[in-house]
Amino acid sequence: SNSPLLQGEPYMFANGTLRFHLTPYRFGVVPFNVTLKDEFNLSTTKLMCFAVMPVNQPPTFFLRDNVVHVAESYDGGIVSCDACVGIAYHISAGPLEAHQTLSFV
């Protein structure tokens with residue numbers, strides 16, 4: 001098949017079981033031929049397709065620290081934290097998901 005969606009060629013066993021390996025994080029359609037041959041070299045070929053559907057990969061991030069120490073608020077106002085700047089890092093939408101907008105909630 002020489003498709004970037006597959007790692008190697010698909011293989012059909014004599015009992016009709018199909019074996020294939022998908023390339024991670026790829027999707028699309030892969031057409032390929034399946035040929036059944038007998039001992040006299042007579043054969044029948046059918047066109048088959050893999051339709052690999054996209055899966056939304058979850059976003060990822062790391063935290064510099066799990067606990068943030070801040071002074072108590074004496075007036076109930078918003079507390080800013082110099083130590084909190086950049087506390088989340090290596091923020092990623094996920095493999096092949098760069099087109100997505102991210103937000104912390």
Side-chain angles (χ1 to χ4, degrees):
S1 79
N2 293 328
S3 170
L5 300 178
L6 296 177
Q7 295 178 351
E9 294 293 319
Y11 182 80
M12 183 80 76
F13 292 91
N15 69 0
T17 300
L18 179 64
R19 183 184 70 197
F20 58 94
H21 298 281
L22 295 175
T23 302
Y25 310 117
R26 300 281 185 241
F27 59 90
V29 176
V30 181
F32 64 98
N33 289 318
V34 177
T35 302
L36 179 63
K37 183 172 70 169
D38 68 15
E39 63 185 80
F40 299 106
N41 224 20
L42 295 175
S43 63
T44 300
T45 300
K46 303 282 183 183
L47 177 65
M48 186 173 188
C49 291
F50 289 119
V52 182
M53 306 306 293
V55 175
N56 184 13
Q57 302 299 320
T60 60
F61 69 98
F62 293 92
L63 293 175
R64 294 200 189 287
D65 200 345
N66 290 3
V67 178
V68 177
H69 298 277
V70 296
E72 66 180 288
S73 171
Y74 60 88
D75 64 359
I78 295 174
V79 176
S80 70
C81 172
D82 291 336
C84 296
V85 174
I87 196 163
Y89 66 101
H90 288 303
I91 300 166
S92 170
L96 301 177
E97 306 289 350
H99 61 281
Q100 294 188 31
T101 302
L102 300 177
S103 60
F104 285 99
V105 292

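Side chains are part of it too, since the values below use all heavy atoms of this structure and drop only hydrogens, waters and symmetry mates. Residues take their numbers from the sequence shown, with the count starting at 1.
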To the nearest 0.5 Å, what is the distance between [atom1] on [X] and [atom2] on [Y]?
X: Phe32; Y: Leu47; atom1: CZ; atom2: CG; answer: 8.5 Å
X: Thr17; Y: Tyr11; atom1: OG1; atom2: OH; answer: 10.5 Å
X: Asn56; Y: Leu96; atom1: CG; atom2: CG; answer: 11.5 Å

Evaluate the side-chain proximity of [Y] to [X]: yes if any heavy-atom separation is below 4.5 Å, no if none is.
X: Leu22; Y: Leu6; result: yes
X: Pro4; Y: Thr23; result: no
X: Phe50; Y: Pro10; result: yes

key: Heavy-atom donor-acceptor pair, Gln7 side chain to His21 backbone, under 3.5 Å   =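 Not a single qualifying donor-acceptor pair exists.
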Check: Arg64 side chain, Gly86 main-chain N or O, donor-acceptor pair, under 3.5 Å: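 A pair under 3.5 Å: yes.
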For residues [X] and [Y], report the shortest heavy-atom separation together with the two atoms involved.
X: Leu102; Y: Ser92; value: CD1-C, 3.7 Å
X: Gly28; Y: Leu5; value: C-CD1, 3.6 Å
X: Glu97; Y: Gln57; value: OE2-N, 3.2 Å
X: Ser43; Y: Thr35; value: CB-CG2, 3.7 Å

For this session: Check the pair Val55, Met53 against side-chain contact (heavy atoms from CB on, under 4.5 Å), reporting the backbone distance first and the verdict last.
Result: CA-CA 7 Å; Val55 175; Met53 306 306 293; 5.8 Å; no
*Tell me, yes or no, whether the heavy-atom count around Phe13 atom CZ, taken from other residues, nucleotides or ligands under 6.0 Å, exceeds 12.*
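Above 12, so yes.
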| Under 4.5 Å between side-chain heavy atoms, hopping through other hydrophobics if needed: is there a path connecting Met48 to Phe27? |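 Yes: a chain of side-chain contacts under 4.5 Å links Met48 to Phe27.
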Using the side chain to side chain contact (heavy atoms under 4.5 Å, CB included) criterion, which residues pair with Thr44? Sequence neighbours excluded.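 Thr44 satisfies side chain to side chain contact (heavy atoms under 4.5 Å, CB included) with Lys46 once adjacent residues are dropped.
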